[in-house]
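Report on the following structure.
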Amino acid sequence: MLIHAVLGFSVLETLVLAALLLAWADRVAGARLLAAFLIGISLWMVGNELPNWLGPETEPVAMRLLATAPFTSALFFHFCTVFCRVDLGRWGVAVAYALGATASVVSIILVPGHLIHHRDIGFIAVADPVGTIASMAWVILGIGGVAVLLLALLRARRSGDGQKFRQIAAVTASCLWGLLCLAGYGIAVLDLPIYPFPLLGLPLYSLILVYGILRYGVFVANAWARRALVWALLLALGAVVLALTPLLPFESRWLGGLAVAASVLALNGPVRRVAERLVYPGGEVSIADLGAWRSALLSAETPEALAQQAATLLSARIGTQVEVQIGAPSASTTPSTSSAQSAPSTPPGSTPQLVCNPGEQGWQTTLQGWDAAPPGPRHVAELFGTVVAEAAARVEQAQQFAARERERQLQARLAELGALAATVAHDIRNPLNIISMAVAAAPVDTRREVADQVARIAHLTHDLLDFAKPWKLVPRELDLAAHVRNAAMRLPDVTLGAGLAQPLVLQADPRRLDQALTNLLENARIAMALDAGDTDTGGGPTASATHSPVHIDAETTADAVLLHICDAGPGVPDEIRSRLFEPFASRSPGGTGLGLAIVARIMAAHGGSVALTERPPWSTCFTLRFPLTTQRLP
């Protein structure tokens with residue numbers, strides 16, 4: 001019978017779709033729950049059809065398979081909460097599973113119904129009182145799941161999340177379609193004088209459910225949908241032509257078959273284009289579209305913002321989630337004279353990507369993971385790629401201009417600061433000399449205090465002049481490890497890590513490098529002195545007995561040498577962390593606030609950087625990053 005063949009195909013189709021969901025479980029929220037739900041649906045359909053396939057003697061097994069319906073509904077409810085991101089808490093989901101599992105176990109033990117014979121369907125299960133009570137459980141859970149979908153649908157519409165709205169709408173539509181199909185069993189149970197034709201649409205239930213979710217998450221699903229739609233339309237077209245052949249003035253099977261074949265071949269192209277437009281709407285790009293894209297991307301000021309905005313625009317246009325990367329290195333991306341080209345294929349199910357990188361001829365885009373895409377969406381992505389490349393070039397130019405403007409402003413400030421520092425240094429030397437001479441006859445403690453303060457002012461003047469004056473690096477090849485060992489000799493209680501046991505050769509200015517190391521080690525010395533003072537006055541020591549107060553280590557990455565200078569002092573106060581490398585930000589009461597600013601300037605001149613990092617058990621750690629490059633530094 002036709003219905004039994006359709007239901008058998010539906011069981012096989014549902015299991016295949018469940019396997020696909022398990023294969024792509026990382027792409028869809030709640031995919032494993034949905035796969036389990038589909039397996040439960042398959043068991044329920046097998047329970048309905050088993051007596052028709054193998055005979056009425058399978059009734060006990062069939063009834064127990066049908067008894068799993070409440071637990072399957074609990075899986076559906078749980079999937080709806082996960083897919084729609086509705087947090088009911090552990091107890092809410094546990095109550096749903098408890099209701100479904102209890103109803104299923106009771107039905108399996110007490111048997112939920114019996115078989116009757118119907119003229120169109122054959123054997124069909126009718127619920128007993130136990131089955132009726134169990135049915136109330138799966139109806140409650142099913143209504144709860146649909147209510148979650150409807151609430152999430154309204155929330156997605158209010159938030160403007162079009163992709164999520166369409167996904168939830170597809171799941172909701174599949175539920176309504178499933179209820180419509182189940183009406184066929186109602187027709188049979190009520191013995192209405194109508195053929196239970198709604199059951200013929202049951203294979204579309206799981207198909208609509210799964211495709212509606214994968215439509216926007218797994219690109220290759222759309223290619224399969226297009227192929228399936230093309231074959232379905234061609235088969236329907238062949239059936240129509242075959243049905244019209246009796247109208248010919250002569251009868252010939254050969255001519256009828258030839259007419260079907262000729263019609264299918266002649267209309268193959270138009271049918272494919274129709275299917276492509278249905279699965280991938282918006283395959284044509286107009287000048288107005290290009291202008292709208294350019295205008296939309298104008299607001300992006302950084303590569304990250306541009307990538308996010310471009311991904312949103314392209315995903316909305318072709319109806320499939322697409323990732324956009326700006327300036328991201330890719331092994332499969334090679335420069336080309338074309339603005340967008342196809343890159344080597346990516347594994348099935350991966351999100352298609354549009355990668356935009358700078359090349360010899362400007363910014364260029366490549367397509368990755370678009371092997372399953374038909375010409376229409378590929379053409380859209382290629383044209384969109386030209387607009388993204390233009391926007392990436394504009395963002396790069398804007399950032400370069402902003403960097404030059406910041407450098408110009410910095411140099412102007414440094415010039416002003418240098419002039420001021422020179423004037424201050426000149427005007428302050430004579431008063432300092434007079435003060436030093438005036439206390440020559442004072443007590444020893446007074447002379448020592450005045451000398452310390454004079455030295456502090458002189459040190460501040462020296463740092464100010466050094467920070468403000470223009471200077472140029474004189475780089476040469478040197479061993480960073482040797483310089484670190486020499487600098488560490490000036491400070492007691494310093495340990496050196498294993499990374500400094502071998503030469504670390506790089507290009508650097510030795511005088512400026514020694515200056516940066518001296519400033520950092522001096523900071524560590526002052527921090528340890530402050531910590532010791534805190535300990536003497538009742539504070540707790542921060543250095544462990546098993547660790548030296550100061551530790552220096554290095555490591556080499558693929559493109560840089562990292563030097564870590566750590567101490568166990570009191571740490572850096574939270575209020576100055578964000579401006580630690582700016583002038584006059586100091587973590588010690590007696591500091592000038594220029595030492596770290598000079599270190600940052602030295603590292604920037606070397607093309608590297610300095611950062612405050614976390615390296616337990618040390619309370620403070622500064623990491624210097626020296627790039628590994630063959631280019632000569634300025």
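All residue numbers refer to positions in the sequence shown, counting from 1.
- To the nearest 0.5 Å, the span separating CD on Gln309 from CD on Glu301 amounts to 12.0 Å.
- Taking the side chain as every heavy atom from C-beta outward, Val93 and Val82 never approach each other to under 4.5 Å.
- Arg317 places none of its side-chain heavy atoms less than 4.5 Å from the side chain of Phe384.
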Run the side-chain donor-acceptor check on residues 173-181: report pairs under 3.5 Å with partners two or more places apart or on a different chain.
{"unit_1": "Ser174", "atom_1": "OG", "unit_2": "Val171", "atom_2": "O", "d": "2.6"}
{"unit_1": "Trp177", "atom_1": "NE1", "unit_2": "Gly201", "atom_2": "O", "d": "2.8"}

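- For the atom pair CZ (Phe123) and CG (Leu115), the distance works out to 7.0 Å, reported to the nearest 0.5 Å.
- Of the N and O atoms on the side chains of His114 and Glu59, not one donor lies less than 3.5 Å from an acceptor on the other residue.
- Within 6.0 Å of CZ on Arg85 lie no more than 12 heavy atoms contributed by other residues, nucleotides or ligands.
- Note: Thr68 OG1 to Leu75 CG = 9.5 Å, rounded to the nearest 0.5 Å.
- Counting non-hydrogen atoms of neighbouring residues, nucleotides and ligands closer than 6.0 angstrom, the CG atom of Leu192 exceeds 12 such neighbours.
- Leu306 approaches Val395 most closely through the heavy-atom pair CD2-CG2, 4.2 Å.
- The heavy-atom pair separating Gln399 from Pro303 by the smallest distance is NE2-CD, 3.4 Å.
- Shown here for Arg394 and Leu297, the closest heavy-atom pair between the two residues is NH2-O, 2.8 Å.
- Each of Phe79, Phe76, Phe77 was compared with Phe37 under the ring-ring contact (aromatic ring centres under 6.0 Å, His included) criterion, and only Phe76 meets it.
- Evaluation of the ring pair (Phe, Tyr, Trp, His ring centres under 6.0 Å) rule for Tyr97 yields Phe71, His78 as partners, not counting sequence neighbours.
- Put simply, the side chain of Ser104 gets close to the backbone of Ala67: a donor and an acceptor are under 3.5 Å apart.
- Two rings, from Trp44 and Tyr185, have their centers less than 6.0 Å apart.
- Here Leu182 contributes atom CG and Ile187 contributes atom CD1; the two are 11.5 Å apart, rounded to the nearest 0.5 Å.
- The minimum heavy-atom distance linking Ala134 with Ser107 is given by the pair CB-OG, 3.0 Å.
- Here the CG-CE distance, from Leu65 to Met45, works out to 12.0 Å after rounding to the nearest 0.5 Å.
- The backbone N or O of Val189 sits nowhere less than 3.5 Å from a side-chain atom of His118 that would complete a donor-acceptor pair.
- A donor-acceptor contact shorter than 3.5 Å links the side chain of Ser159 to the backbone of Ala156.
- At most 12 heavy atoms of other shown residues, nucleotides or ligands fall within 6.0 angstrom of atom CZ in Arg32.
- Taking 4.5 Å as the limit, every side-chain heavy atom of Val6 sits out of range of all side-chain heavy atoms of Leu199.
- The one candidate from Asn52, Leu200, Leu202 that meets the side chain to side chain contact (heavy atoms under 4.5 Å, CB included) condition with Ile3 is Leu200.
- A distance of 5.0 Å separates CG in Leu354 from OG1 in Thr365, rounded to the nearest 0.5 Å.
- Taking each heavy atom of Val388 and Ala310 in turn, the nearest pair found is CG2-CB, 4.0 Å.
- Taking all atoms of both residues into account, the shortest heavy-atom contact from Gly327 to Pro358 is CA-CD, 4.4 Å.
- Tested against Leu17, the residues Leu21, Leu20, Leu15, Thr14 include a single side chain to side chain contact (heavy atoms under 4.5 Å, CB included) partner, Leu20.
- Residues Ser206 and Glu13 bring a donor and an acceptor atom of their side chains to less than 3.5 Å of each other.
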